[in-house]
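Below, each value reflects all heavy atoms present in this structure, side chains not excepted, and no hydrogens, waters or symmetry copies. Below, read A as the first sequence line, B as the second, and so on, with proteins coming before strands; counting in each chain starts at 1.
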Amino acid sequence: MSDSLFAPSGGPWIERLSAGAALLHGRACANDVRLLAEVEAVLEQAPLRGMETPGGQSMSVATSSCGDWGWVSDRRGYRYAAADPVSGHPWPAMPDALRDLARGAAAEAGFAGFDPDACLINCYLPGARMGLHQDKDERDFSAPIVSVSLGLPAAFLLGGLRRADKTFRILLRHGDVLVWGGPDRMRYHGVRPVQPGSHPLLGARRINLTFRKAR
DNA sequence: CAGTGACA
DNA sequence: AGTC
């Protein structure tokens, strides 16, 4: 008898969602303690902080970044910035373990050569969510988006190229890596409110790492 | 309660 | 990337 109907190999497996999107189940599990240590080290240099949308609303997710570019939002708009606006210093370097994970996952999903220069770190406490949006602040849409989920699970919504297009729900669990690019690069996406709970490594939170090629 | 569009 |  297999242990699980969903992981017959007992390890990571790839679910092809469409031509340019794939869910790599458990891809980050083997390395999770190391990855989290690297994330914590980044957050000591660039602490999580709340951001405001251009409309002046508070985002429910707390955010930081590492790499050459960090994603920031304020009343002036959404953009990538080379310096952390809180400290005025450059963002922490992207740890090799994180870059390697993103590159490996992208290659497995069909995007060999992915060279991320930005890693957005989003922290979701129970109740936090992300409305449907497109990632369109990057200069070059030829590179995919690589999203790593750690801690509490969340329901991810993957839509189409128009906001009103039908979405489908993907449960993202600790260690899952979702990759979308090519014809799927501009798909709308979002995250339903994170449900209360506790994860052995992270407690009552979900951390999402999103790797992009900003410039 | 999920989905959609208007407005910011 | 939010709220109504």
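In DNA chain C, runs of at least 3 stacked Watson-Crick or G-U pairs (N1-N3 plus N6-O4 or O6-N4, or N1-O2 plus O6-N3, all under 3.5 Å) give these stems: B:5-7 with C:2-4.
Residue-level contact check: Asp137(A) touches the bases, meaning some heavy atom is under 4.0 Å from a base atom. Note on Thr63(A): nothing from the nucleic acid sits closer than 4.0 angstrom, heavy atoms only. Counting non-hydrogen atoms under 4.0 angstrom, Gly56(A) reaches nothing in the nucleic acid. No engagement by Ser73(A) is indicated, since no non-hydrogen atom pair under 4.0 Å with the nucleic acid exists.
Per the geometry, CG belonging to Leu120(A) stands 14 Å off P belonging to dA1(C), to the nearest Å. One atom, CZ of Arg169(A), and another, P of dG3(B), lie 7 Å apart when rounded to the nearest Å. Nucleotide dA8(B) holds its C1' atom 15 Å from the CE atom of Met59(A), rounded to whole Å. In this structure, Leu132(A) atom CG and dG2(C) atom C1' are separated by 12 Å, rounded to whole Å. Rounded to an integer number of Å, the gap from Tyr78(A) OH to dA8(B) C1' is 9 Å. Nucleotide dG3(B) holds its C1' atom 13 Å from the NZ atom of Lys166(A), rounded to whole Å. If you measure from atom CZ of Arg187(A) to atom C1' of dA1(C), you get 19 Å, rounded to the nearest angstrom.
In terms of the ring-ring contact (aromatic ring centres under 6.0 Å, His included) criterion, residue partners of Phe156(A) (sequence neighbours excluded) are, by chain and number, Trp180(A), His189(A).
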Evaluate Tyr80(A) against Arg212(A) for side chain to side chain donor-acceptor pair (under 3.5 Å), listing each step before the verdict.
CA-CA 11 Å; Tyr80(A) 284 95; Arg212(A) 297 94 179 266; 2.6 Å; yes
With salt bridge (charged side-chain N to carboxylate O under 4.0 Å, His left out) as the criterion, how do Asp74(A) and Arg79(A) come out once you've worked through the C-alpha distance, each side chain's angles and the decisive distance to 0.1 Å?
CA-CA 9 Å; Asp74(A) 57 26; Arg79(A) 63 194 176 278; 2.7 Å; yes
Going through the distances and angles, do Arg103(A) and Asp100(A) end up as a salt bridge (charged side-chain N to carboxylate O under 4.0 Å, His left out)?
CA-CA 5 Å; Arg103(A) 289 181 60 86; Asp100(A) 291 347; 5.5 Å; no
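dC1(B): no Watson-Crick or G-U partner with both key distances under 3.5 Å is found in any strand.
Contact between the side-chain N/O atoms of Arg192(A) and the OP1/OP2 oxygens of dA2(B) is found at a separation under 4.0 Å. A close approach under 4.0 Å does occur between a side-chain nitrogen or oxygen of Arg129(A) and OP1 or OP2 of dT3(C).
The residues Glu138(A) and Arg215(A) are annotated as not salt-bridged, no charged nitrogen and carboxylate oxygen being separated by less than 4.0 angstrom. Under a 4.0 Å N-O distance rule, the pair Arg49(A)/Asp84(A) qualifies as a salt bridge.
Taking every side-chain heavy atom of Trp71(A) into account, dA1(C) is the closest of dA1(C), dG5(B), dT3(C). Considering only side-chain atoms of Thr167(A), the nucleotide from dG5(B), dG3(B), dA1(C) that sits closest is dG3(B).
For the pair Arg163(A) and Tyr188(A), the cation-pi test (distance below 6.0 Å, angle within 45°) is failed.
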